[in-house]
2 protein chains.
Amino acid sequence: MVKIPATIKDIAKYTGLSIATISKYLNGGNVLEKNRILIEEAIKALDFEVNEIARGLRTNKTMTIGVLIPVFEVFFNTIVSSLENVLLETGYSIVVCDYRDDEKLEKERLDFLYKKRVDALVVVPTYLKGSDIKKIIKRDIPIVAVDRPIDDFECDTILVNNFEVSYQAVEKLILMGHKKIGIICGPQNIYTAQERLNGYVQAHTDFNIPLNEEYIKFGEFHNMESGYKKMIELLEIQNPPSAVFVTNYEMTLGAIIAINEKDIKVPDELSVIGFDNLEMARIVKPSLSLVVQPMEEIGESVARLLLKRLKGDKSDFPLQKKLSAQVLIKNSIKRVD
Amino acid sequence: MVKIPATIKDIAKYTGLSIATISKYLNGGNVLEKNRILIEEAIKALDFEVNEIARGLRTNKTMTIGVLIPVFEVFFNTIVSSLENVLLETGYSIVVCDYRDDEKLEKERLDFLYKKRVDALVVVPTYLKGSDIKKIIKRDIPIVAVDRPIDDFECDTILVNNFEVSYQAVEKLILMGHKKIGIICGPQNIYTAQERLNGYVQAHTDFNIPLNEEYIKFGEFHNMESGYKKMIELLEIQNPPSAVFVTNYEMTLGAIIAINEKDIKVPDELSVIGFDNLEMARIVKPSLSLVVQPMEEIGESVARLLLKRLKGDKSDFPLQKKLSAQVLIKNSIKRVD
DNA sequence: TTGTACGCGTTATCAA
DNA sequence: TTGATAACGCGTACAA
């Protein structure tokens, strides 16, 4: 605690060897057995640890990867967690920042990570455009966009098939006879929210079911109260929907509370498909049908791609990958006619 | 993007001035007006930015503060957020790590932050002991324990009056005539959970109400399913409690779902006090009584203390501060006899 | 295998 | 005010 950590120089003095030899030992080079023992003894005795700042200055690498996410919510947390698990073995660490869905903060955090000299960046953008990135990022480091593409910027991108899975969910409802289908969407400026709405619209189009604007509600991601409110609104329509599709975790939570409060019986009085909420789905009775995104797979894909790029392998750049979410049908859907 | 960022040396060349002068300018020193203009021109032209790694090596400061929290959940997020807001103005940034309630990870993350040469540490410990810290932290940097003390380690500590507020909550129920009071606690190895249980016990003792072990359930923080399960268990007791105190956010969420599912009327059939869940409290009908912790205040206190220590002011060390949580009474409590 | 010598980009000291 | 120069701690040719 009190002593300033020893440096390579100290180890050199202690062992009588040169700085270069110690450095080589530290980096896995060959050293005479007796010297190795000596060095290891010195390291213990002097409580030595490499100064990663100095090493970073020299190697121009920090061995850290910057991760920028909108908020610390379970969807992003899970992705980051699995990303990290893969990276762990490789010597890379991650530094995660959230920007609380704030446009200004999004740029500031990106700048922060960049200034910390991360070796690569993983970004879940909201407002961020290509021009912003070009303004902030001046070194040529790998950047991967996750969950949402970056407007006007060419980079590796890993997405989920939001449109398709949303289509499938709504299609399922339609095939069960539903024609009055409500949807609680996210903000229209967010890519994933747009895609999910588009899937809903396309399914209606394909099955020749007219859209009813009353049934389309816009809530906020990361805000369960909005899910609650929008569900209440849907339930209070004179001619309410017979099924509702809620397009995100937190909003699903709020929607469930609304349904309970109104004492609506699922699926008898209302069919429901939620989103990304396995824990809740287990709890809620009857078991909740869900769209489940492959969060772990996203994290792993990002990690693998990142490692490839960090090795200098630029093949397939810019890579565009779309992973598949699944519609998980449980007991919250009833056939109607 | 392509060009490697310019260095002070480049600026020196461009302007014809010396490296030392540029450096002085960068650090707010006095420079002739014409030189200042010249330097600023060069900085723009060459896209210069200081290399903070090099600066850190030289100054032995990274101007970052490491923050270690159990999980990214709303309670900790809010604290971190307000901590950050205060720090923002000062030039310090934070790097946040979670350890997912994992003992091994808790040490690893601490080590990671330490190796990143943070200038100070904010820690919400779970398993961490003084001996662990002494093993990992060798430089003498300020450490602040938040929400929970660190066993066997002398350092600044900022806590919440868990015992007292829990006592008050239970006392309130008792004063409303309740004698059969259930509690859903957190894990016994966590300080805050212990304190909350102790407050419950003490209130019973003071009012001469015998404890009923059946009414004391242990769930898990950060796991709403446990709140759900424990509430179900309480409700299924032959002689169920007339009131339940749930001692954490996520568990309160699960408990509410359980209550809804069982179609229990609050407060007629059951009085409830939840925890830390303002958003939910707004949504749920009837409005939920709550223990509310002063999250913002915690963050601000930590920040101020930290800044003081970073200035070298060691007065009052080790500081022990206890902030006050409040019992917020709403419509979820009924008088019984 | 080991050591010498230099450079990474910055700050800090001390003359000028 | 400015500049030459020595650190900071480490990695790496290159020579020994």
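Here the structure is a predicted model, which is why all the values come from computation and not from measurement. Note: hydrogens, waters and symmetry copies are ignored here, and every other heavy atom, side chains too, is used. We name chains A, B, ... by the order of the sequence lines, and we start the count at 1 in each one.
Side-chain contact between A/T15 and A/N35 is absent, with no heavy-atom pair separated by less than 4.5 Å.
Look at OH on B/Y25: it is 14 Å from P on C/dT10, rounded to the nearest Å. As a whole-Å value, the separation of B/N60 CG from D/dA7 P is 17 Å. At whole-Å resolution of the value, CG in B/L57 and C1' in C/dG7 are 12 Å apart. To the nearest angstrom, C1' of C/dG3 lies 17 Å from CD1 of A/I11.
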Next on the checklist: Output one letter per nucleotide in nucleotides 11-16 of chain C: B when a protein non-hydrogen atom lies under 4.0 Å from the base, S when only the sugar-phosphate is that close, - when neither is.
Outcome noted: BB----
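Side-chain N or O atoms of B/Y14 include none that pairs as donor or acceptor with a backbone N or O of B/K9 at under 3.5 Å.
Only at 4.0 angstrom or more do the heavy atoms of residues 108-118 of chain A sit from any atom of DNA chain C, so none qualifies.
For residues 80-95 of chain A, the set of pairs meeting the salt bridge (charged side-chain N to carboxylate O under 4.0 Å, His left out) definition, not counting sequence neighbours, comprises A/E84-B/R100, A/E84-B/R109. Residue pairs meeting the salt bridge (charged side-chain N to carboxylate O under 4.0 Å, His left out) criterion with at least one partner in residues 53-62 of chain B, sequence neighbours excluded, do not occur; the list is empty.
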Taking only distance into account, with no hydrogens and no angle test, what donor-acceptor pairs under 3.5 Å do side-chain atoms of residues 125-133 of chain B form with protein atoms, sequence neighbours excluded?
unit_1 : atom_1 : unit_2 : atom_2 : d
B/T126 : OG1    : B/Y99  : OH     : 2.7
B/T126 : OG1    : B/R148 : NH1    : 2.7
B/D132 : OD2    : B/K129 : N      : 2.9

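Residues forming a side chain to side chain contact (heavy atoms under 4.5 Å, CB included) with A/S23 (at least two apart in sequence, or on another chain): A/I8, A/N27.
Distances shown here put a side-chain N or O of A/S18 below 4.0 Å from the OP1 or OP2 atom of C/dG3. At the phosphate of D/dC10, neither OP1 nor OP2 sits under 4.0 Å from any side-chain N or O atom of A/N51.
Between A/K104 and A/E108 there is a salt bridge, with a side-chain nitrogen of the basic residue lying less than 4.0 Å from a carboxylate oxygen of the acidic one.
Across all strands, B/L17 comes closer than 4.0 Å only to sugar-phosphate atoms, never to a base (heavy-atom distances). As judged by a 4.0 angstrom heavy-atom cut-off over every strand, A/L32 is placed among residues touching the sugar-phosphate backbone only.
Aromatic ring pairs are classed by plane angle as parallel below 30°, tilted from 30° to 60° and perpendicular above 60°; the pair A/F72 and B/F72 is parallel.
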